[in-house]
Amino acid sequence: MKQASEPASQPPLLRLDNLTKHFPQITANDCIHLEIARGEVHCLLGENGAGKSTLAECLYGFLTPDSGKIYFKGHEVRLGSPSDAIQLGIGMVHQHFVLVQPLTVLENIIAGVGSTRFFLDLPASEKRLKELANNYDLHLDFNARIWQLSVGEQQWVEILKALYMGVELLILDEPTAVLTPQEAEKLFTILRRMKQQGLSILFITHKLKEVMSVSDRVSVLRKGRLVSTVQTADITPQDLARLMVGREVVFKVEKEEINPGPPILEIHGLHAMNDKGQEAVCGIDLVVRQNQVIGIAGVSGNGQKELFEVLVGVRPATQGKILLAGEEITRHTPREIARMGLAQVPEDRLEEGLVPDFTIEENLILGLQHEQRFKQKGLMDFKKIRAFAQECIQQFEIAARSPLQTTRTLSGGNLQKVILAREFSARPRCLIANQTTRGLDVGATEYVHRRLLEQRQQGVGIILISEDLDEILSLSDHIVVFFKGEIIGQFAQADADIQSIGLLMAGVREGT
Ligand SMILES: Nc1ncnc2c1ncn2[C@@H]1O[C@H](COP(=O)(O)OP(=O)(O)OP(=O)(O)O)[C@@H](O)[C@H]1O
Ligand SMILES: [Mg+2]
């Protein structure tokens, strides 16, 4: 491994010269110049659709640039496939992992290393891997199968695999989007240690706090172009946001004082199981009023997802009842519940909420196609549908060429905007949203926050489940903290502070 302190005359580990990548009708990367130094954490920042993943995939040999040059350790390289990149020492952790679920941790890591494919000396490999894991404080059961691990743990496997293969440059595409705040902290510790060992990291994220805490330099992309590369120490989060979106970004949206109205959603003594048959919701009582946002804080996996699913009707309650506008809905079907005015933004919306091969327009009316607003004399009115789609694209700033573009070709954040636009248009009485802004850039996050507060102003009662405490604190009127399926503490917004909520999230009750 290289040491961090190399003579200045050394070429940068990686250099991009004029890299350009076109897709039909769009230039995703336009003459990009970029240098990544040895032992550097370099952040890549940019709005949804700016071209970050495309750039990363060109560096990993997954996509072939149309023009431009890539130099690795001073030599020009051609990356025909990811295995070329891996050979050179470039690794990548994708947002959607590519681990083989039925295999063990050890098998997954070792199977990735081509040279040992015909000669699997498991004990020796395991020994080497254990040393590596210890070195990075990554404690994993090597014999566990991938499907038994949490998403966070799967990411440790991906990282260990890259380290085991001897990468010198590791590319991480929005790794923290799937991590809890604690896991993200741990990831940063690992990245700092990698840096000490002289490794370089290209880190893609939307979270400015993360950029500030972990990176040495930041490169900002806007609409496929490199806007600037700066030293992190020389810049503020506000400036970064402005560079990214080309305007001032308000981090804290104004919330108007408003008195909550009558209860719209009442949850009484609710219990439910998780998929493993264990009790995951353990006696929840909660009342959501009109014009009120109830924030549910908590590390994910503490029953939030199950509560969400029971409320929208896809998971049975084992005990207790739920009333929507005074009417019991505990055993109603998802369709009935939706028709009665409960809208939802599920956590894994990409899996559940979209048909990738449909057009954007089709996805925008998915499930709503029978509504009167899209009809004329009982038939589908394509003009109305087109107008609706165009309005959604404009309002949510979905980076799309036309409503007829295939949804699959949108960037990660823009996929999410399609679903949000659809769900927000349903004029609900009550809205339950889980991790609404995950994966969205700062501009889009600001927009979604405004829309949520607008709904509150119009009388909608909102349950907002989020791991982002800043989001919870700035939007909620009342905050409850979930831990192991119970409400372990609650606060009026005015009395809430990050420290107390953070402790409760970790299960530390007052006086214990
Ligand atoms: N296979 C493809 N075909 C056509 N267009 C594509 C394809 N892949 C990406 N694009 C387009 O290229 C542009 C850049 O997309 P990219 O995925 O690189 O954005 P990103 O910066 O990673 O955004 P996000 O933050 O939302 O993940 C987008 O306009 C996207 O629609
Ligand atoms: Mg992306």
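Every number for a ligand or one of its atoms is a count from 1 in the order of the listing. FYI, the numbering just counts along the sequence from 1.
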Q. Can you list the ligand 1 atoms lying under 4.0 Å from a non-hydrogen atom of Glu174?
A. 25 (O), 27 (O)

(Q) Heavy atoms only, cut-off 4.0 Å: how does His206 contact ligand 1, side chain, backbone, both, or neither? (A) side chain

Q) Going by the atom numbers of ligand 1, which of them fall below 4.0 Å from some non-hydrogen atom of Gly413? A) 24 (P), 26 (O), 27 (O)

**Q.** For ligand 1, the portion of Ile26 having any non-hydrogen atom under 4.0 Å away
**A.** side chain

(Q) Does this structure show an ion pair linking Arg450 with Glu446, if we count only N-O contacts that are shorter than 4.0 Å? (A) yes

(Q) Could you work out, for atom 22 (O) of ligand 1, the closest of Ala399, Ala56, Ser53 by heavy-atom distance? (A) Ser53

Q: Could you tell me whether ligand 1 has any atom less than 4.0 Å away from a heavy atom of Glu47?
A: yes

Q: Considering only NZ, NE, NH1 and NH2 on the basic side and carboxylate oxygens on the acidic side, decide whether Arg217 and Glu40 come within less than 4.0 Å.
A: yes

Q: Report yes or no: does a heavy atom of Gly46 sit under 4.0 Å from some atom of ligand 1?
A: no

Q: State the atoms of ligand 1, each with its element, that fall below the 4.0 Å cut-off from a heavy-atom position in Asn48.
A: 23 (O), 24 (P), 25 (O), 26 (O)

Q) By number and element, which atoms of ligand 1 are closer than 4.0 Å to a non-hydrogen atom of Leu410? A) 31 (O)

Q) Under a heavy-atom criterion of less than 4.0 Å, does Gln416 contact ligand 1? A) no

**Q.** Metal check, the Mg ion (ligand 2) vs Ser53 N/O/S, cut-off below 2.8 Å
**A.** yes

Q. Counting only N and O atoms by type, is there a donor-acceptor contact under 3.5 Å from the side chain of Asn414 to the main-chain atoms of Ser411?
A. no

Q) Charged N to carboxylate O below 4.0 Å: is that the case for Lys21 and Glu57? A) no

Q.
So for ligand 1, is Ala50 a polar contact partner (N or O within less than 3.5 Å, distance only)?
A. yes

(Q) So for atom CD, which belongs to Gln394, do other residues, nucleotides or ligands contribute more than 12 heavy atoms lying within a distance under 6.0 Å? (A) no

Q) Do the side chain of Thr407 and the main chain of Thr359 share a donor and acceptor less than 3.5 angstrom apart? A) yes

Q) Do Lys375 and Glu371 sit within salt-bridge range, that is, some charged N less than 4.0 Å from a carboxylate O? A) no

Q: To the nearest 0.5 Å, tell me how far Leu169 CG sits from Leu59 CG.
A: 7.0 Å

Q.
Test of understanding: given a 4.0 Å heavy-atom threshold, classify the contact between Thr54 and ligand 1 as side chain, backbone, both, or neither.
A. both

Q: Carefully, step by step, assess Met212 and Lys209 under the rule side chain to side chain contact (heavy atoms under 4.5 Å, CB included).
A: CA-CA 5 Å; Met212 299 310 291; Lys209 266 190 184 166; 5.8 Å; no

